[in-house]
Amino acid sequence: MAEAALGLIRKIGNLPLGAAFSVVMFAVLVILAAIGPYVVPYDPLATVPASAMQPPSLTHWFGTDQLGRDIFSRTITATRIDLVTALSAVLISLVTGTTIGAVAGWSGRWLDAVSTRVFDTIMAFPLFALAVGIAAALGNSISSVIIATAIVNMPFFARQVRTEVNRRRSAGYVEAARLARIPAPKIVAFHIMPNLVPPLMVQSSLNMGWAILNAAGLSFIGLGIQPPDPEWGIMVADGAAYMFSGEWWVFLFPGLMLMLAVLTFTLLGDALRDWLDPRRAS
Amino acid sequence: MTLLDVKALKKYFPLARGQLLHAVEDVSFAIKAGDGLGLVGESGSGKSTIGRLLTGLELADGGTISLDTSTDTAVQLVFQTAEEALNPAFTIERNIAVGLGKNRSSDPKRIAETARSVGLDPELLTRRPHQISGGQQARAGIARALVSEPELLVLDEPTAALDVSVQAAVLKLIDRLRRERSIALLFISHDLEVVRLMCDHVLVLYLGRVAEYGPVEQVMSAPAHPYTRALLSSAPGKSNRVRSAGEALSPIDPPGNACLFHNRCPSATETCRTSKPELITLRDGWQAACHHMERS
Amino acid sequence: MNIQPERLVELNNLTIRFGANAQSGNATVDHVDFHLDKGEFVALVGESGSGKSLLAHALSGILSPAAEMKSDRFHFSGVDLSDPKSNKWHGIRGREIGVVFQNPRAALSPVRKVGKQIADVIAEHRFLRKQALKEAVLEALAAVRIPDPALRVDAYPHELSGGMCQRIMMAIALAGDPALLIADEATTGLDTTTQAAIVSLLRQQAEARHMACLFISHDLALAKDFAHRIIVMHAGQIVEEASVDRLFTSPRHPYSAALTKATPANAATVSELSGIPGGIPDLRRSVPACRFAGRCEFADTQCWTERPELAGPPDALVACWRPLS
Amino acid sequence: MIKLFSSRLLLALPNLLGVVILIFILTRMLPGDPAAYFAGPAATQKSIEEVRKQLGLDRSLPEQFLTYVQGLFSGDLGRSLTSGQSVLDDLVSRVPASLELTLLALALASGLGILLGVGASLRPGGGLDRLCSVVSILGQAVPTFFLGLLLVFVFYYKLGWAPAPLGRLDILYSTPDGPTGFWIVDTLVAGDLDTLSGVLRQLTLPVVTLAMFGIGPVARMTRASMIEVLNSDFIRTARAAGLPPSKVLWTYAFRSIAVPVLNTVGMVLSFLLGANVLVEKVFGWPGIGAYAIESVLASDFAPIQGFVLLMAFLYVAINLAIDLIALSLDPRVKFDG
């Protein structure tokens, strides 16, 4: 066990800097999301007016906000809600996008043309503006943020899968499977899709980053998750007002955490792209 | 016994603005069990399309393909570039297993046996396509086609991407398998020399039409069609060259009432520009489509 | 009377290394001597991975910066070119040495009219006014036998056939009126009829302009048609160098002999064909001193440990410890 | 050229129609009652029903859709509850502010991205290449609104170099009164260099914030395409033909990747139009993004809908322009939908 852990550490140590950082940070984020709310020193919702707006110190590592809430505890607690929101959105767009893309890419003809049009339409929107529109229509709730984020991310998966399936439709190995009278759904699922796992993992990781940004952006302008629930975007928005009176820590720490989370998934996507390249395995 | 009988095969591909690409036009031939037929022609002559029509990967727009077999996997295809033809996500073993068809997803004994018969080391079976050499990839592609014990093997330029030293080994392998298992071959190639070695009959295609069709020694020693002569004389290593000037006509909506080779033919006359030559039987099993056969 | 022909290229002990092979220390082009006389036609043959294209790149001054090139001597018409970064290459690259590559459609810029691409090169080597340049382009197109040059100048490569694109490539290579023309697999992938036409055009142009020609091909039969002298390469080493007649009637290196036997045109039946066991050795791992030893039926311990030098009479050089007689 | 233009326009129409249908569906089919929205927060059940009838929401969906489209054609985007103005008028008066910001940021991001990408491609693994990857990764990872706040904190609050993030122009200056609404253009036309400098000072931070977001994709795409093209056969030909390096780099290599880079610029434009919303909030920019946020907070749906529609129209229009440029750059680009 210790041997294995040591081996893992050595492996990570041998990675390029960005990749090593992303793997470690990914683990940290997952752990924080899992146990963060139980280990933070203060109740993230407890207001203590007497200790409002204290700068970072040993008792309050990231300081306190205008209501005396501990920013460190709030920042850590927010990890779960931000990651779960993004992850739910990415999973929805991965599943629906992949299914629609695979069907469209294989069938070709009118189905392909129609779905391509629909995705072009969605992508023709400046996506954040679309997300604002959708979230506004759906009402202020986490689920509307998730749905809005899923809808704007879905075309990326659908497009990629469609292109890859379409390209492989005429590959020799697919034609060999057709010659062996293997039914089309099986060919797509078991002969083509395994080749798409690496690019889809990369795409999912990158989209996680975008989804986190998207969800935080929506809450920043007041859509979706509502105060007092701790969420990075809201906390930055709250803190922005106090920046002009010199209380920089209120917006800085949640913003940094948000940035770290996005950076983790962006770098992880890059690292996955390198690792999963089949040519490198030889 | 005739295994495959193809009559008046036609295939058109629709293009933009209502144009039609005439890929295969009125092609007829037959292959006896265990026989080898070579299909030669330049790129765009329709030779690969014929192979795909025979295997059912494309549907014909006219003509008949009658196959005298009982199984539905009797015709198998060996693809041009072996690397693209193997699934990069699968091991070589699984790649070969695909050839077994939908009902038998695995049969390790049979796969190992087939691999051995094409000269693939069993330890390579657990590797992935990019981990083996080009020659080994070609063998794996052949193994996949063979594993269902086909009666007709369509080979689409199976050695075009290989070095001569590897090509020689693969050609010998195909020839050996053909004799051992008495499989019929449809060998698609741009290389007449390879067809001469591998086949009993040859069919020369020009822009989707049959230019000449006959026993390979006769066609190669005394070609009747000027295009066959041009092909033969342009092969490297032949000193006396008959050059055919110019470029081929477009296969898109070609003239229906002309010899399509007329613009490159040294002996073309007005007749060639205005009437389409029919296939004429020169001798038993030897045909050519040219207006000026007696003169040439 | 014996007139000594004039030397055009003199290249001694050329070695090209890549970082990827750093562990094994193997050079990708290993101890190669090469020379070419003015007006001479030489063919360089070998399978893929033999290093022949790399040699061509070194000769034409376009070796990638990742390659580390060393030589004892590299003279072209008396100019020292042993440093690939030397500014002496300016005025030689494209002007004294023209290259025709394989896969002509990819070898031309897809977004520039072919006439413009030729004009770019002519303008680089000759100072011409606009009208004169236009005429020079038309002349260049006519020289490579392109029908209706005035129509083709405005075409893009994707609008032309492969054979047509190869003629454009040739016009670019000839634009500087070079003393050496290198044809690097120039006809590979073309239909045989087109291939024959391109080869004959190549020969005719080279002869008319008194150019030396280095013809690189994997196709022995093509090389035999074209050249006076043939060089056979295997895994970065020259294994045999001989006049055409000698090489094809009595090859002395086992590899040359094996290549001949693997060529379909030389066999009457399939059983006469024979492949060569194994493949080109992987230069990232350690290889025998004679790099063919692992595939050679005559190899003994000396072949594995000592590198054979190219030796013998000038028209029949061979690098082998056990040459065929 | 006119023929090209009209055929591309025809291709863009289905997209616009799709946008309209999607927005229609969003407003009518999703949970939340538009009648309740439009009747306002204090409405009774009865007044909601009245509004419903007034808005035609009691009719069948296809009927509603037709009325809706008719309204769009006559420029009727509804009325804002908060401002009481017609949404179209509100938007038209605010568009120049947003466009001036977005287009400047796009120009900056594309210019820097292309230079960085080309530089990085010349020596993969070299210093510029590393800079390129750091800039593009940070540009993607730093949330726009956070970067904006950081810049304001450092350059306005700490250093005092930048003006207060309160709109397009400091109140010391008189508002430019020009025909375009693009204040850089308007002040230049009026020859008012003093105001121009004020406009530029105010623009700097939001433009940089927004541009940082766009550099990454452009630089990455440029770098990847350039590396591929520099290893391509035709670059080898150009080098072997003795063409000088600068000609090989720009006339041959860069020219052939202009289309993919241009397409990326188009994509970045879409990002920027979206991110604009956040930047406008941070910098108090009186554009359509800030307008949308105000409306979101007031649950005022007509302006949001108008905003999303306008965004889509802008994007489609600018993409049309990009397509036309691509057509003139690359002979291989054909009408393939």
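Note that the structure is a prediction, hence the values are computed from the model and not measured. By convention in this document, chain letters (A, B, ...) are assigned in the order of the sequence lines, proteins followed by strands, and residues within each chain are numbered from 1.
- Most heavy-atom pairs under 4.5 Å with chain B, from the set C:Leu220, C:Ile280, C:Ile276, C:Asp219: that is C:Ile276.
- Taking the charged nitrogens against the carboxylate oxygens, B:Asp175 and B:Arg179 do have a contact shorter than 4.0 Å, which makes a salt bridge.
- Taking the six-membered ring wherever Trp is involved, the centroid distance between the rings of C:Phe41 and C:Phe215 does not fall below 6.0 Å.
- Considering only heavy atoms from C-beta on, B:Glu193 stays 4.5 Å or farther from B:Leu197 through its side chain.
- No side-chain donor-acceptor contact under 3.5 Å links B:Gln19 and B:Asp253.
- Between C:His253 and C:Phe292, the ring center distance clears the sub-6.0 Å criterion.
- Comparing C:Pro277, C:Gly275, C:Gly189 by heavy-atom pairs within less than 4.5 Å of chain B, the highest count is held by C:Gly275.
- Proximity to chain C is limited to the side chain of B:Arg196, based on heavy atoms less than 4.5 angstrom apart.
- Contact annotation for C:Thr194: neither backbone nor side-chain heavy atoms come within less than 4.5 Å of a heavy atom of chain B.
- Highest contact tally toward chain B, considering only C:Lys261, C:Met164, C:Arg295, C:Glu272, is held by C:Met164 [criterion: heavy-atom pairs under 4.5 Å].
- Both the backbone and the side chain of C:Ser48 come within contact range of chain B, each with at least one heavy atom under 4.5 Å from a heavy atom of that chain.
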